[in-house]
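As structure tokens, the structure follows; a few thoughts come after it.
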Amino acid sequence: MLASSSRSALKRAQHKIRNVAVEVSAATCIREQRRHVSAAQVAIDPNTYTSPIFNDRGDPRLPRKGDGQYRLQGHTPLARHNMELAFALDYKNTTKVFTLAQRMKKEGVQPDITTYRSLLEACAHQMLNDEARAVFEDMLAMGIQPDRQTFHSLLKSSAPVEQTELHRVLKLMEEWNIQPNEITYEIIITRFTQVRRLELALQYLAQLGRAGLSPTLNTASAVISAAADMGFPRLALDLALAFEETSIRRLDGEVWVDVLISCAEALYADGTVSAWRKVVDELHILPDEGCCIQVLHTAARYGLSDLALGVIEVLKKIEVAWSEHHLAPVIEASCQRNELKDAMIMLEFMRKNDIAPTLETATPILQLISKDTEAVDNAWGTLEIIHEEGHTVDVVALNVVIQAAIALHDLQRAVGTYKAGSKFGVQPNVDTFNLLLLGCIEARHRELGDRLLSDMKEAGIKPDATTYERMVRLCLTQSMYEDAFFYLEEMKSLNMVPPLVVYEALVRKLFSVGDVRYKLALEELKECGYDVPKRLKTYIDSGGAHDNPTPKLEQVVL
């Protein structure tokens, strides 16, 4: 009960405070508006000019928020009508705006500068340039001197692509000795950025500086976002940094996010790092997943492993479930920095987070360690260090070392790595044996292939389509190749469609030894939905004279 009473008392107190604030604001506004109305009315001589604006041609399509200067004015007919115009513009009731203009005409109420401001703002809102010009001319004929706000409305009433009208208004300002200010340049520059006229926007931005003026926050934001959106990340970043160095205002987070996305999409490393720090570390903004993935690509390309790890943390904070395509760039970034150990540990990290790494995931590791046999030996040493430090050696880490040895045509080192895998407690998988079978094909080592297939069955590992494909090709490397048909039939009995590379190797072998069964193999190739490769057709038509064999073994997808 006490807590409830306290809350009620607090609400009553807050309500009284708000009422007092409203009363004080209203009183201040009344005094200010009366001063403006008195000054404006002095400039009008109703005996010398009758305005043609207030007739039956009022356009009901012109909404605009009012000036606010004529709110709560005195109770003269002019002040009352101006206040009604302001309310109509506040609520975008454009029909009422021109209805009021017609009423003022009928009642003989002469407009003042405030009235014309409302009409010009309405024209500006709908970008009705001809109507705005008519209002301006009518105002001059009434003997009312235009001010800077008048020309701002004229500028806003013209279409963004219309440069002729822009220059005309600026020339009028010069004739009336009214110098452009920051808002003038804001109107001009932002309208150019809306139509992606970045060069013109930059020209006026430079002109603004030469005039001794500083760009407004809206001006800077518009130019920076336009540069970022149009693919100029360096320009966008430089403009953003320059603005914040020379201004007490800070750019909105959305602008910095635009800069970050632009830098990441362009793979601009320095800009991506700088913008990421600004967005995430300083502004504490969490980018969305799409932005994070773009940043990961840049981090992977340039070896920014720390940045990549930071992105992974942000993905966790925004509750995005980690996937292989999120963590693979971290491995690539580590490899770019020659951080082999960290890359291999990341494979274990993926496995612990229920993400199965693949040989494709470890491609950057393969590229790093397949330079020579010394690099392969160093990779093996890294596996030993990982194991000694208490980490789990992932089977993909072992496989990629085997893959590197196969790529270097070092079957002995590959087999030795496979046999020593048990030292780390690594259980080989189907990829392990498929990699080794690829080495056997190149070495034409059928006996080793049979032993590997036997080890595979003893380990309870089920052969896949790649296993059968490589056993067929291994058999075709021998003079006695009948077992190739056995593995081919076994493959089909398991509802596996033999890949094209199997039929191409089979046709080549049969044709080369004069085995007419190559025709049956060609027919079966077509029945499987494949087209006869041009290189194979050329080989057969030339009687084997023009041979363009299949890609090298290490180039075959593993």
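Bear in mind the structure is a predicted one, so any value in this text is a computation, not a measurement.
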Does a side-chain N-to-carboxylate-O contact under 4.0 Å join [X] and [Y]?
{"X": "R117", "Y": "D147", "result": "yes"}
{"X": "R301", "Y": "E332", "result": "no"}
{"X": "E244", "Y": "R249", "result": "no"}
{"X": "E313", "Y": "K317", "result": "no"}

Mind listing the closest non-hydrogen atom pair of [X] and [Y] along with its distance?
{"X": "I285", "Y": "G253", "value": "CD1-CA, 3.4 Å"}
{"X": "I312", "Y": "L327", "value": "CD1-CD2, 3.6 Å"}
{"X": "A269", "Y": "L304", "value": "CB-CD1, 4.2 Å"}

Check: What's the verdict on side chain to side chain donor-acceptor pair (under 3.5 Å) for N218 and S221, showing C-alpha distance, side-chain angles and the deciding distance?
Finding: CA-CA 5 Å; N218 288 338; S221 299; 5.5 Å; no
Side chains of [X] and [Y]: donor-acceptor distance under 3.5 Å anywhere?
{"X": "H297", "Y": "E265", "result": "no"}
{"X": "T216", "Y": "E182", "result": "no"}
{"X": "T115", "Y": "S118", "result": "no"}

Check: Considering the options D394, N429, T358, which one meets the side chain to side chain donor-acceptor pair (under 3.5 Å) requirement together with N399?
Finding: N429
Check: With under 30° as parallel and over 60° as perpendicular, where do the rings of Y204 and F192 fit, or are they tilted in between?
Finding: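 Parallel.
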Item checked: Worked verdict on K341 versus E389 for salt bridge (Lys or Arg N to Asp or Glu O under 4.0 Å) -> CA-CA 11 Å; K341 177 183 172 183; E389 291 181 353; 2.6 Å; yes
Next item on the list: Output yes when a side-chain donor or acceptor of S225 lies under 3.5 Å from a complementary backbone atom of A222, and no otherwise.
Entry: no
Next item on the list: Answer yes or no on whether R234 is positioned over the face of Y268, meaning its NZ or CZ is under 6.0 Å from the six-membered ring centre and within 45° of the axis.
Entry: yes
When you look at [atom1] of [X], are more than 12 heavy atoms from neighbouring residues, nucleotides or ligands closer to it than 6.0 Å?
{"X": "E254", "atom1": "CD", "answer": "no"}
{"X": "E174", "atom1": "CD", "answer": "no"}
{"X": "E175", "atom1": "CD", "answer": "yes"}
{"X": "E360", "atom1": "CD", "answer": "no"}

